[in-house]
Novice: 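Mind looking over this structure? Questions follow.
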Amino acid sequence: NLDWFIEGLATYASGQLTDSKLNDVKADFQKGNTPKTLNQVWKGKLKYARAGSLISFIDKKIGRKKLSALLRFTGPKEILEFIGISEEELLNQWIKSLE
């Protein structure tokens, strides 16, 4: 259940999260297509851009050093506990940041 994290990190770190792809995610969200769970982030044709965007948000929220520390975890629960946020709140803050 970490596809959103692994692939999002790869997308973000490799520079594949372009402004164009980020705008696609924003436009999709404006249509009401927002994920309600972390697993839903990794669905559909925009899954790489969505996941990369979420990792970018997490990087800005907790910093690069803590983002790197997330690599040691094996599940979303551990990641959320380390960040100190619920799944719902993380998604809500991320979605709001793209408005």
Side-chain angles (χ1 to χ4, degrees):
N1 292 334
L2 283 179
D3 291 342
W4 62 272
F5 178 74
I6 296 164
E7 296 298 338
L9 186 60
T11 299
Y12 178 58
S14 68
Q16 293 178 50
L17 182 63
T18 62
D19 288 341
S20 175
K21 290 179 182 176
L22 191 55
N23 287 333
D24 290 344
V25 173
K26 290 177 183 181
D28 196 47
F29 284 5
Q30 288 174 350
K31 294 177 187 174
N33 299 323
T34 57
K36 306 297 183 231
T37 66
L38 288 170
N39 284 337
Q40 288 178 356
V41 171
W42 190 245
K43 302 276 186 220
K45 69 177 187 157
L46 294 175
K47 63 186 177 183
Y48 284 97
R50 272 199 307 239
S53 169
L54 177 56
I55 298 303
S56 173
F57 172 78
I58 292 170
D59 184 28
K60 290 176 181 124
K61 182 171 181 62
I62 67 173
R64 185 67 44 93
K65 186 174 181 181
K66 287 185 177 181
L67 177 65
S68 297
L70 297 179
L71 293 170
R72 68 180 183 218
F73 299 121
T74 59
K77 183 179 177 185
E78 294 170 302
I79 289 173
L80 293 167
E81 287 175 359
F82 183 81
I83 296 172
I85 197 167
S86 71
E87 180 175 5
E88 180 181 13
E89 189 59 28
L90 175 62
L91 292 170
N92 287 339
Q93 286 181 20
W94 165 54
I95 291 164
K96 185 173 180 158
S97 77
L98 295 177
E99 291 178 346

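Keep in mind that this is a model prediction, so the values were computed, not measured. Counting from 1, the numbers follow the sequence of the chain as shown.
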Novice: Could you give the distance from CD1 (Ile6) to CG (Leu70), rounded to the nearest 0.5 Å?
Specialist: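 The CD1 atom of Ile6 sits 12.0 Å away from the CG atom of Leu70.
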Novice: What are the two closest non-hydrogen atoms of Leu46 and Asp24, and how far apart are they?
Specialist: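 Scanning both residues completely, I find the closest heavy atoms to be CD1-O, 3.8 Å.
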Novice: If you apply the rule side chain to side chain contact (heavy atoms under 4.5 Å, CB included), what do you find for Thr18 with Asn23, and how did you get there?
Specialist: CA-CA 9 Å; Thr18 62; Asn23 287 333; over 6 Å; no
Novice: Excluding sequence neighbours, so at least two apart, what forms side chain to side chain donor-acceptor pair (under 3.5 Å) with Lys60?
Specialist: Ser56
Novice: Does Lys66 NZ have over 12 foreign heavy atoms under 6.0 Å away?
Specialist: no
Novice: Which pair of non-hydrogen atoms, one from Leu22 and one from Ser53, has the smallest distance, and what is that distance?
Specialist: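 For Leu22 and Ser53, the tightest heavy-atom pair comes out as CD1-OG, 3.6 Å.
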Novice: Are Leu2 and Leu38 side-chain neighbours, meaning at least one heavy-atom pair lies under 4.5 Å?
Specialist: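 Result no, sub-4.5 Å side-chain heavy-atom pair not found.
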Novice: Any side-chain heavy-atom pair from Asn39 and Asp3 closer than 4.5 angstrom?
Specialist: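 Not touching, per the 4.5 Å side-chain cut-off.
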Novice: Could you walk me through whether Glu7 and Tyr48 pass the side chain to side chain contact (heavy atoms under 4.5 Å, CB included) check?
Specialist: CA-CA 7 Å; Glu7 296 298 338; Tyr48 284 97; 3.6 Å; yes
Novice: Please report the shortest heavy-atom distance between Ala10 and Ser14, naming the atom on each side.
Specialist: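 Of all heavy-atom pairs spanning Ala10 and Ser14, the closest is O-OG, 2.8 Å.
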Novice: Mind listing the side-chain donor-acceptor pairs of residues 27-34 below 3.5 Å, one per line with the distance, residues two or more places apart or on another chain?
Specialist:
from: Asp28; atom 1: OD1; to: Asn33; atom 2: ND2; distance (Å): 2.7
from: Thr34; atom 1: OG1; to: Lys36; atom 2: NZ; distance (Å): 2.8

Novice: Do Glu87 and Thr37 come close enough that some side-chain heavy atom pair is under 4.5 Å?
Specialist: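 Answer yes - side chains close enough.
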Novice: When you compare the side chain of Leu90 with that of Phe57, does any pair of heavy atoms fall below 4.5 Å?
Specialist: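 Yes, close enough: below the 4.5 Å cut-off.
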Novice: Could you pull out the closest heavy-atom pair between Ser97 and Trp94, with the gap in Å?
Specialist: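 Shortest heavy-atom separation between Ser97 and Trp94 comes out as OG-O, 2.6 Å.
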Novice: For this output row, return yes or no: ring centroids of Phe5 and Trp42 closer than 6.0 angstrom.
Specialist: no
Novice: Please check if any side-chain donor atom of Ser86 sits under 3.5 Å from a side-chain acceptor atom of Glu88, or the reverse.
Specialist: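 Their side chains do not contain a donor-acceptor pair, so the 3.5 Å distance test is not met.
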Novice: Are Gln93 and Lys61 close enough that a side-chain donor and a side-chain acceptor fall under 3.5 Å?
Specialist: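 The answer is yes; a qualifying pair exists.
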Novice: Which donor-acceptor pairs under 3.5 Å do the side chains of residues 75-85 make with protein atoms, sequence neighbours left out?
Specialist:
from: Glu78; atom 1: OE1; to: Thr74; atom 2: N; distance (Å): 2.8
from: Glu78; atom 1: OE1; to: Thr74; atom 2: OG1; distance (Å): 3.1
from: Glu78; atom 1: OE1; to: Gly75; atom 2: N; distance (Å): 3.0

Novice: Side chain of Asp59, backbone of Ile55: donor and acceptor closer than 3.5 Å?
Specialist: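 Judged by distance alone, no pair lies under 3.5 Å.
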